[in-house]
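Data block below; observations after.
Just so it is clear, the model here is predicted, and its values are computed rather than measured. In the text below, chain A, chain B and the rest are named by the order of the sequence lines, each starting its count at 1.
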There are 2 protein chains.
Amino acid sequence: MVNQASESTQESPSDMPAEISGLRMTRQRWEVYRLLLEQRDHPTANDVFMRVKDRLPNISLATVYNCLEALVQHGAIRQVNFERESSRFCPNLEEHGHFHDKRSGTIHDVTFKPGVQLADVLELPPGTLITDIEITLRGELPTAHS
Amino acid sequence: MVNQASESTQESPSDMPAEISGLRMTRQRWEVYRLLLEQRDHPTANDVFMRVKDRLPNISLATVYNCLEALVQHGAIRQVNFERESSRFCPNLEEHGHFHDKRSGTIHDVTFKPGVQLADVLELPPGTLITDIEITLRGELPTAHS
DNA sequence: AGCTTGTTCAAGAATAATTCCAATTTTCAT
DNA sequence: ATGAAAATTGGAATTATTCTTGAACAAGCT
């Protein structure tokens, strides 16, 4: 396969940064990242794979996984897990949880009320160092007509 | 294999209930459940499998999965997920989260401070129905000598 | 006790998400 | 431009879990 070269070096948009927080920004990583910024519906790796093919027809699923992992490790995006389902990915870096609406199957970001810190409401030994928090809710959002 | 019969009907302890919340209590389910009650270190299905073999040498991993699923569905135990690791199982039915200590690899139950309801501290549309909550933290517990 | 019907169990095959691997290609610094 | 290091690719491999099938079992009835 020879046309991969042309795909990878082709027309990298001028707004594509050389790197994000120390991560070398390749064409593939950039397109994956941009897609997540533009479509904030918490896609799975496979969703990203199918969508990003529009722009990078030759990208492989393994590369999508690699890109997502790199972006997560460099803090550019977050990985979200619901039960044992496929991981989903989210460019919202603020501290927030996720609400899974059973009715529509959609996932929504949920923030704390102003001034609330999770560490303040949990019973933890003093001196505990929290490096990562994950909050997931399942339920039903109110219907418009109720 | 014929000795399954003898194993299954053998000496069901007199304190084994006929059922738990509508779930027919078989020897296998009972041993799995009892093990979880006695060893509250959040074992995986495979951990349970290896441990329960002491009492039921012929039990299969599939049966352990079946038992755990049945117990979860009938509300007797909870299934806990950390990232994409194997599910872990927990007999603590009170609302609580889980703290994963990076230093020791152990998992600890975390409760809310008295009077706190998670729904009170989150920004959710009024009328939202929450059916399930999962809170997981990762970090380091303070050392004894610090 | 024996029959019937629905449930559970065991063993292994199958599945799905993810990771690994080796070869090629790209990137970046020189 | 060149070479070393890093990234990409496609496919194979892995892992946790679920599915499948037939045998064993339990419960209710006669």
Side-chain angles (χ1 to χ4, degrees), chain A residues 1-12 16-20 22-33 43-50 52-53 55-74 79-89, chain B residues 1-10 12 16-20 22-33 42-50 52-53 55-74 79-89:
Chain A
M1 188 163 294
V2 177
N3 59 353
Q4 181 201 334
S6 60
E7 174 185 281
S8 287
T9 43
Q10 227 176 32
E11 48 157 346
S12 293
M16 169 173 152
E19 50 180 61
I20 291 182
L23 175 66
R24 181 194 290 178
M25 191 49 58
T26 64
R27 180 86 203 281
Q28 285 83 348
R29 286 173 180 167
W30 172 242
E31 294 295 352
V32 166
Y33 181 55
T44 65
N46 201 57
D47 292 338
V48 172
F49 175 53
M50 292 186 300
V52 84
K53 274 186 190 165
R55 294 185 162 262
L56 301 173
N58 296 315
I59 197 169
S60 74
L61 180 57
T63 296
V64 171
Y65 272 102
N66 288 340
C67 292
L68 291 169
E69 182 187 18
L71 290 164
V72 167
Q73 286 186 341
H74 287 257
Q79 180 169 0
V80 180
N81 297 299
F82 277 89
E83 312 271 314
R84 310 224 86 247
E85 295 171 15
S86 307
S87 289
R88 296 172 176 277
F89 297 87
Chain B
M1 188 162 295
V2 177
N3 58 354
Q4 182 203 333
S6 59
E7 175 184 280
S8 287
T9 44
Q10 229 176 32
S12 294
M16 169 174 151
E19 52 178 61
I20 291 182
L23 175 66
R24 181 195 293 176
M25 190 50 58
T26 65
R27 179 87 201 281
Q28 285 81 350
R29 288 173 181 168
W30 172 243
E31 293 295 351
V32 166
Y33 180 56
H42 303 86
T44 64
N46 201 56
D47 292 338
V48 172
F49 175 53
M50 292 186 302
V52 84
K53 275 187 190 164
R55 296 186 161 261
L56 302 172
N58 297 316
I59 199 170
S60 73
L61 179 56
T63 297
V64 171
Y65 271 104
N66 288 340
C67 292
L68 290 169
E69 182 188 18
L71 289 164
V72 167
Q73 286 185 342
H74 288 257
Q79 179 169 358
V80 180
N81 297 298
F82 278 90
E83 314 270 313
R84 309 224 86 245
E85 296 171 14
S86 306
S87 288
R88 295 171 176 278
F89 297 87

- [ ] For A:R27 and D:dT9, give me the distance from atom CZ to atom C1', rounded to whole Å.
- [x] 16 Å

Listing time: all N or O pairs from protein to nucleotides 15-19 of chain C that are below 3.5 Å?
{"from": "C:dT18", "atom 1": "OP1", "to": "A:S87", "atom 2": "N", "distance (Å)": "2.9"}
{"from": "C:dT18", "atom 1": "OP1", "to": "A:S87", "atom 2": "OG", "distance (Å)": "3.4"}
{"from": "C:dT18", "atom 1": "OP1", "to": "B:R84", "atom 2": "NE", "distance (Å)": "3.1"}
{"from": "C:dT18", "atom 1": "OP2", "to": "A:Y65", "atom 2": "OH", "distance (Å)": "2.5"}
{"from": "C:dT18", "atom 1": "O5'", "to": "A:Y65", "atom 2": "OH", "distance (Å)": "3.4"}

TODO: Send over the distance from B:F82 CZ to D:dA16 P, rounded to a whole Å.
DONE: 16 Å

TODO: Rounded off to whole Å, could you give me the CZ-to-C1' distance for the A:F49 and D:dG11 pair?
DONE: 13 Å

Task: Qualifying residues under salt bridge (charged side-chain N to carboxylate O under 4.0 Å, His left out), relative to B:E85, sequence neighbours excluded - done: none

TODO: Sequence neighbours left out, what passes side-chain hydrogen bond (donor to acceptor under 3.5 Å, both in side chains) with B:S87? Give chain and number order.
DONE: A:R84, B:Q79, B:N81

- [ ] Could you pull out all residues at least two apart from A:M16 that satisfy side-chain contact (heavy atoms from CB on, under 4.5 Å)?
- [x] A:S12, A:P13, A:M25, A:W30

TODO: Taking all non-hydrogen atoms of both residues into account, name the closest pair between A:V32 and A:V52 and its distance.
DONE: N-CG2, 4.2 Å

Open item on the list: Is B:T63 close enough to C:dC9 that one of its side-chain N or O atoms is under 4.0 Å from OP1 or OP2 there?
Closed with: no

Task: Min side-chain heavy-atom separation B:D47-B:M50 under 4.5 Å - done: yes

What's touching nucleotides 3-7 of chain D from the protein side, N or O pairs under 3.5 Å?
{"from": "D:dA7", "atom 1": "OP1", "to": "A:R29", "atom 2": "NH1", "distance (Å)": "3.0"}
{"from": "D:dA7", "atom 1": "OP1", "to": "A:R29", "atom 2": "NH2", "distance (Å)": "3.1"}

Side-chain atoms of residues 67-74 of chain B: list all donor-acceptor pairs with protein atoms under 3.5 Å, sequence neighbours left out, distances to 0.1 Å.
{"from": "B:H74", "atom 1": "ND1", "to": "B:S21", "atom 2": "O", "distance (Å)": "3.4"}

Task: Spacing of A:N66 atom CG relative to D:dG11 atom P, expressed in whole Å - done: 16 Å

Open item on the list: Once side-chain hydrogen bond (donor to acceptor under 3.5 Å, both in side chains) is applied, do any residues pair with B:E83, and if so which ones, sequence neighbours excluded?
Closed with: B:R138

- [ ] Find the distance B:E31:CD to C:dA10:C1' and express it as a whole number of Å.
- [x] 17 Å

TODO: Only counting residues at least two apart or in another chain, list the ones meeting side-chain hydrogen bond (donor to acceptor under 3.5 Å, both in side chains) with A:N66.
DONE: none

Open item on the list: Rounding to an integer number of Å, can you tell me how far A:M25 CE sits from C:dT27 P?
Closed with: 13 Å

Open item on the list: Without decimals, in angstroms, what is the distance between B:E19 CD and C:dT7 C1'?
Closed with: 14 Å

Task: Results of side-chain hydrogen bond (donor to acceptor under 3.5 Å, both in side chains) for A:S86 - residues two or more places apart only - done: none

Task: Nucleotide C:dA10, atom P - distance to CD1 of B:I59 in whole Å - done: 6 Å

